[in-house]
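See structure below.
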Amino acid sequence: AQTVTQSQPEMSVQEAETVTLSCTYDTSESDYYLFWYKQPPSRQMILVIRQEAYKQQNATENRFSVNFQKAAKSFSLKISDSQLGDAAMYFCAYRGSTSGTYKYIFGTGTRLKVLA
Amino acid sequence: NAGVTQTPKFRVLKTGQSMTLLCAQDMNHEYMYWYRQDPGMGLRLIHYSVGEGTTAKGEVPDGYNVSRLKKQNFLLGLESAAPSQTSVYFCASTQSPGGNEQFFGPGTRLTVL
């Protein structure tokens, strides 16, 4: 069974600095999808960035980028120029692409604090 | 578009009481999911549906039942609530298999006394 591990329960970053959140996963599939979701205090889950495993190029969305290492099964999120509004829980998620696979598997989350 | 909505937003139950949580989506999505979120445990899948009239068990289905009589609605039922079911419940939907993102509802905070 697939698993997703976020080993950092909490991280802090100074405003305007860069921070990297870690995520590792375990799977025997060769094709799959990875996601980072943000959950601010409002509780709403918001998609931050998505990566298809068959794409070697790392995904980027403005200040957010990923370091996808397929062989190492690692999918870290880098936030550049951190802002106060980035403070939230961040969840890494995996979804396989095998036919009949409909489940998304989430990590336990990393709470990011942004210091002014 | 309202996206994914959940009713109610908050609820307090006594042990043994029953209730139904309603999830509705107006995006014509085929796939719908119910998760629970507990501190330190991330989101865990309770049940999911791959289309109208279908349901399947997720990771933590015990104590819950679901129904998908209409494509836009996915109901989560607790027949006899227990304190262990105190949690925040999220509904989500997605367009189709593949790498599509899940769209989440705002969550329901349920407390069982």
Side-chain angles (χ1 to χ4, degrees), chain A residues 1-10 21 23-25 29 31-55 59 61 64 66 68 75 88-111, chain B residues 2-6 8-10 23 25 27 29-52 54-61 66 68 74 87-110:
Chain A
Q2 294 86 4
T3 58
V4 176
T5 302
Q6 294 179 250
S7 58
Q8 305 156 315
E10 191 170 292
L21 308 185
C23 173
T24 58
Y25 57 93
E29 295 181 294
D31 196 17
Y32 46 87
Y33 304 88
L34 297 164
F35 306 84
W36 277 100
Y37 279 89
K38 171 185 178 182
Q39 186 182 43
S42 67
R43 240 172 32 199
Q44 183 66 52
M45 294 285 285
I46 303 163
L47 178 68
V48 174
I49 201 164
R50 167 177 43 216
Q51 175 80 43
E52 290 95 336
Y54 65 87
K55 290 186 177 179
E61 288 287 344
F64 298 87
V66 298
F68 173 48
F75 182 60
M89 281 290 286
Y90 286 82
F91 292 97
C92 178
Y94 167 101
R95 193 227 154 113
S97 64
T98 303
S99 177
T101 299
Y102 306 109
K103 301 177 187 178
Y104 294 72
I105 301 167
F106 287 80
T108 53
T110 296
R111 182 174 301 282
Chain B
V4 180
T5 59
Q6 291 182 231
K9 288 187 170 51
F10 302 92
C23 175
Q25 52 93 5
M27 298 172 283
H29 285 174
E30 289 289 338
Y31 304 88
M32 297 186 74
Y33 306 79
W34 276 108
Y35 295 93
R36 60 177 290 172
Q37 183 179 17
D38 302 292
M41 304 190 75
L43 276 75
R44 292 184 292 168
L45 182 64
I46 304 171
H47 286 279
Y48 64 101
S49 168
V50 301
E52 183 178 317
T54 74
T55 63
K57 293 181 180 180
E59 181 186 0
V60 288
V66 288
R68 182 106 181 263
F74 194 29
S87 187
V88 178
Y89 292 85
F90 285 96
C91 176
S93 70
T94 187
Q95 174 71 24
S96 63
N100 293 326
E101 70 171 289
Q102 288 191 306
F103 291 83
F104 284 84
T108 295
R109 180 175 293 279
L110 174 66

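Within every chain, numbering begins at 1; the chains are lettered A, B, ... in the order of the sequence lines, protein sequences first and strands thereafter.
- No part of A/Gln51 comes within reach of chain B, as not one of its non-hydrogen atoms sits under 4.5 angstrom from that chain.
- Atom OG1 of B/Thr108 is separated from atom CZ of A/Arg43 by 7.0 Å, given to the nearest 0.5 angstrom.
- Between the B/Tyr33 side chain and the A/Lys103 main chain, no donor and acceptor come within less than 3.5 Å of each other.
- Between A/Ile105 and B/Glu59, every side-chain heavy-atom pair lies at or beyond the 4.5 Å cut-off.
- Between B/Gln102 and A/Tyr104 the shortest heavy-atom distance is NE2-CD1, 3.1 Å.
- Proximity to chain B is limited to the side chain of A/Tyr37, based on heavy atoms less than 4.5 angstrom apart.
- Checked against ring-ring contact (aromatic ring centres under 6.0 Å, His included), A/Phe91 has no partners two or more places apart in sequence or in another chain.
- Distance CG/A/Leu47 to CZ/B/Phe104: 9.5 Å, rounded to 0.5 Å.
- Only the side chain of B/Tyr35 comes within less than 4.5 Å of a heavy atom of chain A; its backbone N, CA, C and O stay farther away.
- At a 4.5 Å heavy-atom cutoff, the contact between B/Leu43 and chain A is made by backbone and side-chain atoms alike.
- In this structure, A/Phe68 has no ring-ring contact (aromatic ring centres under 6.0 Å, His included) partners at least two apart in sequence or on a different chain.
- The CZ atom of B/Arg44 lies 11.5 Å from the OG1 atom of A/Thr108; values are rounded to the nearest 0.5 Å.
- The heavy-atom pair separating B/Glu101 from A/Arg50 by the smallest distance is N-NH1, 3.2 Å.
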